[in-house]
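What you see is a predicted model, and the numbers here were worked out from it, not measured in a lab.
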Amino acid sequence: MSDPAWYEDATIYSLDVKTFNDGDGDGWGDFRGAIERLDYLDELGVDALWIRPFYPSPLRDNGYDVADYYGVDDRLGSLDDFREFADRAHERGIRVITDLVFNHTSNEHEWFQRAREDPDSDYHDYYLWTSHLADAHQRGNIFPEYEDGVWSYDDVAEKHYFHQFYGHQPDLNVANPAVREELYDVLRFWLDQGADGFRIDAAHPMLMPKGHNATTLDETDLGDSIELFKEMRRVVEAEQSDAVLLAEADDEPEHLDYYFGDGEAFHLQFNFVMNAHLTYAVGVKDTWPLQRAEEILPDVSDVGAWVNFLRNHDEWNLLKLPEEAFEHAREHFGDDAGDSWIFERGHRLRLADLYDGDRDRIAVAHSLLFSLPGSVALQSGDEIGMGADLSLPEREAVRTPMQWDDSPNGGFSTAAPEDCYNPVVDEGAYAYDRVNVAAQRDDPDSLLSRVEALVAARDACPEIARGDYRALETDHKETRVHRFDHERGDGEDTDGTVLLCAHNLADDYREEIVGFDVDPDTVEHVVGDGEHYVAEGGVTFKLDACDYAWLRGEKR
């Protein structure tokens, strides 16, 4: 599987072991159950799996409160189970990216327990403390609805500790060289267990001012902040040449290129700017947000690649939209009772909820996603149109079990419903007896079949990863046509190929005519139901509501 460039146009499938498939009937998903579903993921055509935290944890924040970096929560399996899962995935050509949370630990982690018990221990300086709260740096918490600030009192240490997230998640002092060595050892350990890379959670907060004096890494003697991530890359590539680092860095657009470290830090970065704008654009049936996203994003083509996505396992964060669009999205996409709005920044809704269950709109959103440069991340369940359960607390609303069929618990588990980690959606338009894999698997018109076709189309089009990309002018605000020009190498028969991708976000028919400088006899339809007519030098797209079409031809 050695291919250092594999990540440049990968399809990455995101799953939570706890809610994916239960192999032993106790109501919790586990690695044994996930192994049973690898054939499904292989058929879907994904290149890599992003596995969300599965480490021992009190699960007060869905596992992002890690209590031990070196184990598997025994409710989810064992280290042997993880290794077998990775081996079975590799047999199918699928890589495994694990989620690592290095900004903070659980307050139940052994490091924190030892830190609070002995102020003279080395572990005390693994975290950040103050005995003078009135003079300490203050700022807003990342979860403003639930935390008053960034300091909480520990009655054992008799000091306040610093936390940017929940109070039970003390921040690690990443300016401490000993902490850094611990983190590098964790990377080495999981590569040795079979991981192929890591999503680094909260990469932006890792670099933010921390502690009593609001110290940044740049103010230490350890070099620029980015050196932390550059060393992580050196560590993983020394162990495995094609291992990757994927950043969750929800920073301002003008700062995002920093996390690539001039090609020496992160290989990949989640594109939160495009996420907010793309998902909004499809919902409001207007392409201007796509144009704005591309205008404000830095060019990173020489240093790394974006991972584009429509939804993930958190709230749909709208902060990257301009103010007027932010306020509109808050009202336009929210549920009637106002229960979906959270953290003053987004909706805890799935893609199907945002688009009122319109399968055609969900499909055209996926076509746009798959036709953009970079890699793609899919949230498990979105490929079949699963919905949220707003009766669950906070982000758990979008973290319900995978719906495999119409048997009890949606085929996720044979346990009693009350014993499941989260209840399956069992009522309404998105109930498991209406929305499930089995019902869609053999239906060529289903959402699942359309997403499978898009995954295959992307795999078949090297232009997306290696071609020159540009959007074309169109006559309608609801239509989007972009192209990739891919030059052939020396000795090949043609000058190269052109890939055209056309999308109609309107609820009505739209027609667009664009240039297409290819030999008409070489034009092939790649994917999509949109009709087209190719003439010398151009093509006419005839697109019904939410239609899309990809065409490819050879340059003269």
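Atoms CG and OH, from L543 and Y509 in turn, are 7.5 Å apart once rounded to the nearest 0.5 Å. Here the NE2-CD distance, from H104 to Q169, works out to 4.0 Å after rounding to the nearest 0.5 Å. Taken from CG in L321 to OH in Y280, the straight-line distance is 7.0 Å, to the nearest 0.5 Å. One distance of note links CG of L268 with CZ of R199; it measures 12.5 Å at 0.5 Å rounding. Between D16 atom CG and W50 atom CH2 the span is 10.0 Å, to the nearest 0.5 Å. Distance check: R480 CZ to T474 OG1 gives 9.0 Å after rounding to the nearest 0.5 Å.
Environment of CD in E344: crowded, with over 12 heavy atoms of neighbouring residues, nucleotides or ligands closer than 6.0 Å. Annotation: E323, atom CD; neighbour count of heavy atoms from other residues, nucleotides and ligands within 6.0 Å does not exceed 12. The local environment of CG in D335 is crowded, with over 12 non-hydrogen atoms from other residues, nucleotides or ligands closer than 6.0 Å. Within a 6.0 Å sphere centred on CD of E324, other residues, nucleotides and ligands contribute 12 heavy atoms or fewer. Surrounding NZ of K542 are at most 12 heavy atoms belonging to other residues, nucleotides or ligands under 6.0 Å away.
Side-chain atoms of T279 never come within 3.5 Å of backbone atoms of A276 as a donor-acceptor pair (strictly under, hydrogens ignored). Listed for the Q164 side chain is a donor-acceptor partner under 3.5 Å among the backbone atoms of P205. Listed for the Y259 side chain is no donor-acceptor partner under 3.5 Å among the backbone atoms of D251. Proximity of a side-chain donor or acceptor of H532 to a complementary backbone N or O of H525 within less than 3.5 Å is not detected. Between the D196 side chain and the V96 main chain, a donor and an acceptor come within less than 3.5 Å of each other. Put simply, the side chain of Q269 gets close to the backbone of L256: a donor and an acceptor are under 3.5 Å apart. Between the D201 side chain and the V101 main chain, no donor and acceptor come within less than 3.5 Å of each other. S375 contributes no side-chain N or O that, together with a main-chain N or O of V307, makes up a donor-acceptor pair within less than 3.5 Å. Remark: side-chain polar atoms of E145 are paired, donor with acceptor, to backbone N or O of F343 under 3.5 angstrom. Judged purely by atom type and a 3.5 angstrom limit, N504 uses its side chain to pair as donor or acceptor with the backbone of D544.
Using a 4.0 Å cut-off between a side-chain N of Lys or Arg and a carboxylate O of Asp or Glu, R234 and E227 qualify as a salt bridge. A salt bridge is defined here as a Lys NZ or Arg NE, NH1 or NH2 lying under 4.0 Å from an Asp or Glu carboxylate O, and E91 with R88 meets this definition. Using a 4.0 Å cut-off between charged side-chain N and carboxylate O, K285 and E478 make no salt bridge. Using a 4.0 Å cut-off between a side-chain N of Lys or Arg and a carboxylate O of Asp or Glu, K555 and D485 qualify as a salt bridge. By the 4.0 Å N-to-carboxylate-O rule, D475 lies too far from R510 to be salt-bridged with it. Here D339 does not pair with R348 in a salt bridge; the nearest charged N to carboxylate O distance is not below 4.0 Å.
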task = Could you check Q403 against V425 for side-chain contact (heavy atoms from CB on, under 4.5 Å), going step by step and ending with a plain yes or no?
result = CA-CA 8 Å; Q403 296 169 194; V425 176; 3.5 Å; yes
message = Would Y40 and L448 count as a side-chain contact (heavy atoms from CB on, under 4.5 Å) here? Give the steps.
response = CA-CA 11 Å; Y40 166 77; L448 175 59; 3.6 Å; yes
inquiry  = Please evaluate residues N308 and L278 with respect to the criterion side-chain contact (heavy atoms from CB on, under 4.5 Å), reporting the C-alpha separation (whole Å), side-chain torsions for both, the decisive distance (0.1 Å), and the verdict.
reply    = CA-CA 9 Å; N308 296 305; L278 171 57; 5.7 Å; no
task = Report the C-alpha distance between R450 and D529 in whole Å, list the side-chain angles of each, state the deciding distance to 0.1 Å, and finish with yes or no for salt bridge (charged side-chain N to carboxylate O under 4.0 Å, His left out).
result = CA-CA 10 Å; R450 283 184 274 183; D529 292 333; 5.6 Å; no
request  = List the steps, then state whether side-chain contact (heavy atoms from CB on, under 4.5 Å) holds for D389 with N422.
outcome  = CA-CA 10 Å; D389 181 354; N422 270 338; over 6 Å; no
request  = I would like to know whether Y421 and N62 meet side-chain hydrogen bond (donor to acceptor under 3.5 Å, both in side chains); could you show each step before the answer?
outcome  = CA-CA 11 Å; Y421 169 76; N62 200 247; 3.0 Å; yes
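At least one side-chain heavy atom of V451 sits less than 4.5 Å from a side-chain heavy atom of L378. The shortest side-chain heavy-atom distance between F198 and F102 does not fall under the 4.5 Å cut-off. L351 places a side-chain heavy atom less than 4.5 Å from the side chain of H366. Inter-residue side-chain proximity for V284 and H328 is flagged as met; some heavy-atom pair is nearer than 4.5 Å. Under the 4.5 Å side-chain criterion, counting only non-hydrogen atoms from C-beta, F54 is not in contact with F85. Residues W316 and N275 meet the side-chain proximity criterion, which asks for heavy atoms closer than 4.5 Å. Here the side chains of L472 and R470 are in contact, with some heavy-atom distance below 4.5 Å. Proximity of V514 to V539: side-chain heavy atoms (C-beta onward) are separated by under 4.5 Å at one or more points.
In this structure, L349 and R311 approach most closely via the heavy-atom pair O-NE, 2.7 Å. In terms of heavy-atom proximity, R483 sits nearest to G515 at NH1-O, 4.1 Å. Considering all non-hydrogen atoms of both residues, V455 and G45 come closest at CG1-O, 3.4 Å. Among all heavy-atom pairs drawn from A203 and A247, the shortest one is CB-CB, 4.3 Å. The heavy-atom pair separating N317 from L319 by the smallest distance is OD1-N, 2.9 Å. R361 and C546 make their closest contact through NH2-SG, 3.4 Å (heavy atoms, listed as atom of the first residue, atom of the second, distance).
Centroid-to-centroid, the aromatic rings of F266 and F229 come within less than 6.0 Å. Close placement of the W404 and F20 rings is indicated, their centers lying within 6.0 Å of each other. Ring pair Y7/H267: centre-to-centre distance below 6.0 Å. Between F260 and W306, the distance from one ring center to the other falls under 6.0 angstrom. Taking the six-membered ring for Trp and the full ring otherwise, H313 and Y64 have centroids separated by under 6.0 Å. Aromatic rings from F412 and Y432 are positioned such that their centres are separated by 6.0 Å or more.
Only one option out of R350, R52, R345, R399 pairs with D314 in a salt bridge (Lys or Arg N to Asp or Glu O under 4.0 Å); it is R399.
Residues Y355 and D360 have side chains that never bring a donor and an acceptor to within less than 3.5 angstrom of each other.
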